[in-house]
Amino acid sequence: MTDDTSPWLVVGLGNPGGEYAGNRHNVGFMVADLLAERMGARFKAHRSRAQVVEGRVGPPGPLSRRVVVAKPMSFMNLSGGPVTALRDFYKVPMGHVVAVHDELDIDYGALRLKIGGGDNGHNGLKSITKSLGADYCRVRFGIGRPPGRMDVAAFVLKDFSAAERKELAYFVDRAADAVETLIVDGLERAQGTYNS
């Protein structure tokens, strides 16, 4: 069992740069931005090649948890380096590392939380697993499959459609809630509430 005083590391996966900001692949960054906003803090550059925010989530008192929210600035397929550096710097136990990422095999807006598993072709997860091992938490944000014969790489690097954007803020908000529930109440409670 992990010590409740140990910090949590929540890593939103995405690609740095304005041209990627609205991409499906950057939904992890979107969730990280909202978590930082909820903490009332701004991202700062960290020597690990990531932007970080430090704060707390949960109700004030003994249930409040120390959290570092990070956005690797290394591009998606090199996320493992910054995540490992952050984990080592903040002395985060493996069970307190959370990756928030887009997931092709889940319908748009649906969430699934789990620990461990494969990378399902996701280059960010592949890089983190290669650096850390697979036993970290994942908050998987469904983006659905590409239409017709559209290339997967092209699909994930496109912005959400106009129809999708109508509900995007709601789904990002729900994903941020799921991250906070995972940290404060544990994986089982978060899965029971948010897995769809």
Side-chain angles (χ1 to χ4, degrees), residues 10-37 49-51 69-83 97-182 187 190-196:
V10 178
V11 182
L13 294 183
N15 286 308
E19 69 270 34
Y20 300 105
N23 288 180
R24 292 181 177 93
H25 223 18
N26 271 42
V27 76
F29 274 19
M30 296 172 197
V31 175
D33 286 339
L34 180 57
L35 287 166
E37 191 182 305
R49 287 181 305 143
Q51 298 273 329
V69 178
K71 299 191 294 185
M73 293 288 115
S74 57
F75 285 97
M76 183 71 85
N77 57 352
L78 299 171
S79 300
V83 174
V97 177
V98 182
V100 184
H101 64 92
D102 57 303
E103 179 63 63
L104 286 161
D105 287 336
I106 302 174
D107 290 341
Y108 173 61
L111 295 174
R112 301 258 172 82
L113 287 80
K114 68 174 190 170
I115 289 184
D119 57 55
N120 202 18
H122 193 290
N123 289 330
L125 296 181
K126 200 175 288 182
S127 178
I128 294 170
T129 298
K130 190 175 173 189
S131 295
L132 281 187
D135 294 331
Y136 53 92
C137 302
R138 294 106 188 271
V139 176
R140 303 156 73 206
F141 186 111
I143 60 169
R145 301 290 308 176
R149 295 181 177 196
M150 185 184 215
D151 179 60
V152 165
F155 178 71
V156 299
L157 292 174
K158 276 201 177 323
D159 285 1
F160 285 99
S161 70
E164 287 169 335
R165 282 197 299 272
K166 286 179 182 158
E167 295 182 295
L168 183 59
Y170 167 76
F171 289 138
V172 167
D173 193 63
R174 196 165 178 272
D177 289 347
V179 170
E180 291 181 348
T181 302
L182 166 65
L187 179 64
Q191 286 173 324
T193 306
Y194 295 100
N195 275 14
S196 47

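Along the sequence shown, residues are numbered consecutively beginning with 1.
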- Who are the side-chain contact (heavy atoms from CB on, under 4.5 Å) partners of Leu157, not counting sequence neighbours? Asn15, Tyr20, Asn23, His25
- Query: Which heavy atom of Gly12 sits nearest a heavy atom of Ala32, and at what distance?
  - Reply: CA-CB, 4.3 Å
- Heavy atoms of other groups near Lys158 NZ, more than 12 under 6.0 Å: no
- Task: Go through the structure and list residues passing side chain to side chain donor-acceptor pair (under 3.5 Å) with Thr129, not counting sequence neighbours.
- Result: Tyr136
- Task: State, to 0.1 Å, how close Leu34 and Ala176 come at their nearest heavy-atom pair, and which atoms those are.
- Result: CD2-CB, 3.8 Å
- Message: So which atom in Ala178 and which in Ala190 form the shortest heavy-atom distance, rounded to 0.1 Å?
- Response: O-CB, 4.1 Å
- Qualifying residues under side chain to side chain donor-acceptor pair (under 3.5 Å), relative to His122, sequence neighbours excluded: Asp102
- Please answer whether the main-chain N or O of Leu125 pairs with a side-chain N or O of Arg138 as donor and acceptor at a distance below 3.5 Å. no
- Report, as yes or no, whether the 6.0 Å neighbourhood of atom CG on Asp107 holds more than 12 heavy atoms from other residues, nucleotides or ligands. no
- Query: How would you list, by chain and number, every residue that makes a ring pair (Phe, Tyr, Trp, His ring centres under 6.0 Å) with Phe160, sequence neighbours excluded?
  - Reply: Tyr108
- How far does CG of Asp177 sit from CG of Leu35, to the nearest 0.5 angstrom? 9.0 Å
- Task: Mind jotting down which residue pairs meet the side chain to side chain donor-acceptor pair (under 3.5 Å) criterion with at least one end in residues 72-82? Sequence neighbours excluded, please.
- Result: none
- Query: Phe155 versus Ile143: any side-chain heavy-atom pair under 4.5 Å?
  - Reply: yes
- Going by the side-chain contact (heavy atoms from CB on, under 4.5 Å) test, name the single residue among Leu182, Leu113, Val10 that passes it with Cys137. Leu182
- Give a yes or no on whether a salt bridge exists between Arg165 and Asp159, defined as a side-chain N under 4.0 angstrom from a carboxylate O. no
- Item | Arg24: side chain to side chain donor-acceptor pair (under 3.5 Å) partners, not counting sequence neighbours | Glu164
- Looking at Val100, Ile128, Asn26, which hits side-chain contact (heavy atoms from CB on, under 4.5 Å) with Leu13? Ile128
